[in-house]
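Inspection log for the structure reproduced underneath, given as structure tokens.
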Amino acid sequence: MSQVLTASVRAVARNSAVSRKAALVLTPSAVEKVKCLLSSQSDTAAALRVGVRSRGCSGLTYTLDFASEKKKFDEEVQQDGVKLYIDMKAQMTLLGTEMDFVEDKLSSEFVFNNPNVTGTCGCGQSFMVGAS
């Protein structure tokens, strides 16, 4: 059920309007795109799983994959009719993050406005968290 979905990161000011207590908040455009992606998977995908992995010049990158079931320690986020599972290893990294979907003439991607990010690479594909 693996399919590559792209995402990038934007560092945001620590006084972001997104609640730092919320696991993950989706913008209306992200909700619509997740609905579209899940509906294209027939009945095989119950949710979109969000995670992080070590990669890139800054250390971490986001992962997005279709999920048929929740894993034991996944955090479940339900918003406006869509369901996301946050991988256990990504939960603290994503705390307070806003997930957006942006499109322009040349590209479309999910963008994570993450207040925990302390640095990013030049291309915006990887990031680091920790003491700034």
Check against side-chain contact (heavy atoms from CB on, under 4.5 Å), Val25 and Thr97: CA-CA 6 Å; Val25 175; Thr97 296; over 6 Å; no

Give the intermediate values and the outcome of side-chain contact (heavy atoms from CB on, under 4.5 Å) for residues Thr93 and Phe112. CA-CA 11 Å; Thr93 303; Phe112 290 82; over 6 Å; no

Would Leu48 and Phe66 count as a side-chain contact (heavy atoms from CB on, under 4.5 Å) here? Give the steps. CA-CA 5 Å; Leu48 192 63; Phe66 296 108; 4.2 Å; yes

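Nearest heavy atom pair, residue Glu103 against residue Ser108, reads CG-CB, 3.3 Å. Looking at every heavy atom in both residues, Gln79 comes nearest to Val31 through NE2-CG2, 3.9 Å. The minimum heavy-atom distance between Leu95 and Asn116, with the atom names listed, is O-ND2, 2.7 Å.
When the side chain to side chain donor-acceptor pair (under 3.5 Å) test is applied to Ser107, the partners found at least two apart in sequence or on another chain are Asp104. Considering only residues two or more places apart in sequence or on other chains, Lys89 meets the salt bridge (charged side-chain N to carboxylate O under 4.0 Å, His left out) condition with none of them. Contacts of Glu69 classified as side-chain contact (heavy atoms from CB on, under 4.5 Å), with partners at least two apart in sequence or in another chain: none. The side-chain contact (heavy atoms from CB on, under 4.5 Å) test applied to Glu76 returns Lys70, Gln78, Lys83, Tyr85, not counting sequence neighbours. With sequence neighbours left out, the side chain to side chain donor-acceptor pair (under 3.5 Å) criterion links Thr27 to Ser29, Asp100. Scanning for side-chain contact (heavy atoms from CB on, under 4.5 Å) contacts around Lys71 gives Arg49, Asp74, with sequence neighbours left out.
Under the side-chain contact (heavy atoms from CB on, under 4.5 Å) rule, Phe110 has a single partner from Leu26, Val34, Val50, which is Val34.
Of the possible polar contacts, none joining the Gln41 side chain to the Ala46 backbone as a donor-acceptor pair under 3.5 Å is found. Looking at Asp87, its side chain never comes within 3.5 Å of a backbone N or O of Val52 through a donor-acceptor pair.
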